[in-house]
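The block underneath contains the structure these notes are about, expressed in structure tokens.
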Amino acid sequence: MSAGEAVAGPGADVPRLMALAERAARAAGALVHGQRPDRLEVDTKSSPTDVVTQMDTAAEDLLREVLAAARPGDGLFGEEGGRRPGRSGLTWVVDPIDGTVNYLYGLPAYAISVAVVRGDPAVPGAWESIAGCVHAPALGETWTAGRGEGAFLDGRRLRMAEPPQLPGALIGTGFGYRAARRRHQAGVVAQVLPQVRDIRRIGCAALDLCLLASGRLDAYYERGLNPWDMAAGQLVVTEAGGRVRGLGRTPPSEAMVVAGRDPLVDRLAQLLADLDAAGPD
Ligand code: LIP
């Protein structure tokens, strides 16, 4: 049994899964970045500002094609196309364009996020990422990670440095699409802002997590993330020496994701719990 299989379970050749995740993400990146049409067709989902374009759908179709051809027995769980069951115990969790609003506006902070997980990605705490890739074609940067294999930016290994204390920390976050939740989140960030160095709202959770792992943020929190937003990025963080958690004793989930290195990640999580950042709207 290889080191990767010892960590990730039987049948999981982690380096090969990392390479497949990167190959698929780069193929989708070439499509959305290289063939971006002058005019994007825009539909909406959970709210008038929660958008999806024809390139999101085309990219997910391409990801499904590449991954099914390489590993037909694996499941797949995508933002746009829903869930295809598998029989291998592994499921590919994909976001074809994370940061769709940035993509729509021609801003470069968007990424293709591809991860393979063991367990059920629809159940918080019931799954773990085995390998993943976050590919940012407009930035020309690609992050990869494998359980027990490390985290890499363009092939260079990442190790997160000792974090600053909260008042000196640059904190990434994001906001939901529904007005009631945004109102609550605005109240939370208004309390966080005076207690930290500053806030950055990148608009792409997968990139937030990878920027954290790369030392360009000191910590990150967001409520409302789906498995496809975070499955690859959270592995980049943990393999770079960080932690990804929820509030209290809960796992990271739609309710809350807090990421960073100890002890800052726990100090931020406590502040967010004190501010009731995970509820009610
Ligand atoms: C985005 C997330 C981001 C969040 C945005 C949006 P999408 O995902 O990556 O962190 O703040 O509101 O949900 O919708 O672009 O795939």
Side-chain angles (χ1 to χ4, degrees), residues 25 28-29 31-33 36 40 42-61 63 77-82 93-115 121 132-139 141 143 170-186 188-189 192 199-213 216-217 219-237 244 246 252-260 272 277-278 281:
L31 173 68
V32 301
H33 183 57
R36 188 184 191 281
L40 287 167
V42 180
D43 283 328
T44 58
K45 298 188 291 187
S46 66
S47 83
T49 54
D50 183 4
V51 296
V52 58
T53 74
Q54 77 269 34
M55 299 307 283
D56 295 78
T57 306
E60 184 162 322
D61 290 346
L63 289 171
F77 188 25
E79 176 171 16
E80 310 308 342
V93 181
V94 302
D95 191 338
I97 303 177
D98 189 28
T100 299
V101 173
N102 288 342
Y103 181 72
L104 178 63
Y105 278 76
L107 299 171
Y110 66 89
I112 293 84
S113 179
V114 178
C133 177
V134 176
H135 175 56
L139 300 176
E141 294 187 296
W143 288 265
L170 186 63
I171 306 292
T173 192
F175 308 112
Y177 287 112
R178 291 186 299 105
R181 176 169 288 191
R182 292 167 72 82
R183 189 173 297 110
H184 181 77
Q185 290 174 317
V188 171
V189 76
V192 171
I199 291 286
R200 292 292 182 271
R201 200 280 197 253
I202 305 292
C204 174
L207 274 183
D208 283 308
L209 290 162
C210 289
L211 295 175
L212 169 65
R216 302 183 210 168
L217 290 174
Y220 165 66
Y221 77 91
E222 187 161 355
R223 179 185 176 200
L225 296 189
N226 292 294
W228 47 78
D229 294 316
M230 61 185 176
Q234 73 176 25
L235 186 63
V236 174
V237 170
V244 183
S253 70
E254 195 279 342
M256 183 57 71
V257 171
V258 190
L272 294 167
D281 294 311

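In what follows, every heavy atom counts, from backbone to side chain, and hydrogens, waters and symmetry copies are set aside. First listed ligand is number 1; within each ligand, the first listed atom is number 1.
Residues satisfying the side-chain hydrogen bond (donor to acceptor under 3.5 Å, both in side chains) criterion with Asp50, sequence neighbours excluded, are Ser46.
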Which pairs of N or O atoms, one from ligand 1 and one from the protein, are separated by less than 3.5 Å, and what is the distance for each pair?
| unit_1 | atom_1 | unit_2 | atom_2 | d |
| --- | --- | --- | --- | --- |
| ligand 1 | 8 (O) | Asp98 | OD1 | 3.0 |
| ligand 1 | 9 (O) | Asp98 | OD1 | 2.5 |
| ligand 1 | 9 (O) | Asp98 | OD2 | 3.2 |
| ligand 1 | 9 (O) | Ala205 | N | 2.7 |
| ligand 1 | 10 (O) | Ala205 | N | 3.1 |
| ligand 1 | 10 (O) | Glu222 | OE1 | 2.9 |
| ligand 1 | 10 (O) | Glu222 | OE2 | 3.3 |
| ligand 1 | 11 (O) | Arg201 | NH1 | 2.7 |
| ligand 1 | 11 (O) | Arg201 | NH2 | 3.1 |
| ligand 1 | 11 (O) | Glu222 | OE2 | 2.6 |
| ligand 1 | 12 (O) | Phe175 | O | 3.0 |
| ligand 1 | 12 (O) | Arg201 | NH2 | 3.4 |
| ligand 1 | 13 (O) | Tyr177 | OH | 3.4 |
| ligand 1 | 14 (O) | Tyr177 | OH | 2.9 |
| ligand 1 | 15 (O) | Gly99 | N | 2.8 |
| ligand 1 | 15 (O) | Thr100 | N | 2.8 |
| ligand 1 | 16 (O) | Glu79 | OE1 | 3.3 |
| ligand 1 | 16 (O) | Asp95 | OD2 | 3.3 |
| ligand 1 | 16 (O) | Asp98 | OD1 | 3.3 |

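Tyr177 does not carry Arg182 over the face of its six-membered ring by the limits of under 6.0 Å from the centre and within 45° of the normal.
Between the side chains of Thr100 and Asp56, at least one donor N or O lies within less than 3.5 Å of an accepting N or O.
Contact detail for Ala259 and Leu209: the closest heavy-atom pair is CB-CD2, 3.8 Å.
For the atom pair OH of Tyr220 and CD1 of Ile171, the computed distance is 12.0 Å after rounding to the nearest 0.5 Å.
Taking the six-membered ring for Trp and thresholds of 30 and 60 degrees, Phe77 and Trp228 have ring planes more than 60 degrees apart, a perpendicular arrangement.
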